[in-house]
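So the structure is just underneath, and the comments pick up after that.
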Amino acid sequence: MLNVEHIVTGIAEENTYVVHDGKSLLVIDPGSEPGRIEAMIEKTGATPVAILLTHTHYDHIGALDTIREKYQIPVYVSPKEAEWLGNPELNLSISLPSRGLQVIEAKPADFTFELKTYDFNGMRFKVVETPGHSIGSVSFIFDDFAIVGDALFNGSIGRTDLYTGDQEMLLESIQRELFTLSDETVIYPGHRGKSTIGHEKETNPFFN
């Protein structure tokens with residue numbers, strides 16, 4: 001059985017997740033505050049094996065290089081946003097100095113995602129495209145839960161007014177890739193609390 005744990009990080013209150021089976025662990029969207037992320041990892045007793053990115057906006061990658069270097073693990077990202085990691089204009093960190101924070105110029109990812117099922121030491125998930133918040137947004141579909149980044153929220157959807165955002169595209173991708181999952185599937189979004197596919201299909205104002 002897989003465990004999902006998270007902490008809320010940074011000025012954007014982003015959800016950083018770890019998925020683990022007690023032995024191996026995946027880090028998803030290491031937003032900021034690397035010390036707290038490391039503490040969450042160490043508490044599990046599991047060994048990190050990879051970092052997965054749902055997309056590359058600054059609030060999801062601020063601790064990326066620190067976590068990668070500490071655990072010496074590879075980073076996976078959509079090929080459509082690979083170049084955003086080192087570009088403050090594209091990852092939207094260009095405005096951070098005005099808020100007393102540094103721009104983010106992360107190192108290149110080690111791998112770009114293919115739209116297939118991955119298996120990390122028995123932890124299996126499928127990568128699907130869920131663009132609309134950003135062009136390279138992806139979601140990770142596990143057996144009974146999904147990590148959905150900033151595509152679908154509890155009671156809302158991701159912003160579509162940023163670079164490459166497109167509301168029609170986002171609604172279509174949610175319908176195609178997420179609302180076709182079972183109603184019992186738990187979703188873990190990039191912000192706010194968790195929900196289920198059934199709850200969002202019934203109550204999310206963007207679909208009702």
Quiz prompt | Atom OH of Tyr163 with >12 non-hydrogen neighbours under 6.0 angstrom | solution = no
Quiz item: Counting heavy atoms not belonging to Glu33, are there more than 12 under 6.0 Å from its CD?
Solution: yes
Quiz item: Is the backbone N or O of Lys194 less than 3.5 Å from a side-chain atom of Asn154, with the two atoms forming a donor-acceptor pair by type?
Solution: yes
Quiz item: Can you tell me if Ser98 and Ser95 form a side-chain donor-acceptor pair at under 3.5 Å?
Solution: no
Practice problem: Apply the test side chain to side chain contact (heavy atoms under 4.5 Å, CB included) to residues Val127 and Tyr76: give CA-CA distance (whole Å), side-chain angles for both, the deciding distance (0.1 Å), then the verdict. | Solution: CA-CA 11 Å; Val127 177; Tyr76 290 73; over 6 Å; no
Self-check item: Main-chain N/O of Glu13 paired to His191 side chain as donor or acceptor, under 3.5 Å
Solution: yes
Quiz item: Looking at Lys80, Lys116, Arg176, which hits salt bridge (charged side-chain N to carboxylate O under 4.0 Å, His left out) with Glu129?
Solution: Lys80
Practice problem: Please confirm whether Phe153 and Phe206 have ring centers closer than 6.0 angstrom. | Solution: no
Quiz prompt | Candidate pair Asp110 and Arg68, rule side chain to side chain contact (heavy atoms under 4.5 Å, CB included), full reasoning | solution = CA-CA 10 Å; Asp110 301 279; Arg68 178 204 326 225; 3.4 Å; yes
Practice problem: Say whether, by atom type as modelled, one donor and one acceptor occur between the side chain of Glu184 and the main chain of Thr196 under 3.5 angstrom. | Solution: no
Practice problem: State which residue, out of Arg159, His60, His57, fulfils the side chain to side chain donor-acceptor pair (under 3.5 Å) condition with Asp150. | Solution: His60
Practice problem: Evaluate the side chain to side chain contact (heavy atoms under 4.5 Å, CB included) criterion for residues Leu53 and Val75: first the C-alpha distance (whole Å), next the side-chain angles of each, then the deciding distance (0.1 Å), finally the verdict. | Solution: CA-CA 8 Å; Leu53 301 177; Val75 174; 3.9 Å; yes
Quiz item: Can you tell me if CG on Asn3 sees more than 12 non-hydrogen neighbours from other groups inside 6.0 Å?
Solution: yes
Quiz prompt | Glu168, CD: over 12 other non-hydrogen atoms inside 6.0 angstrom | solution = no
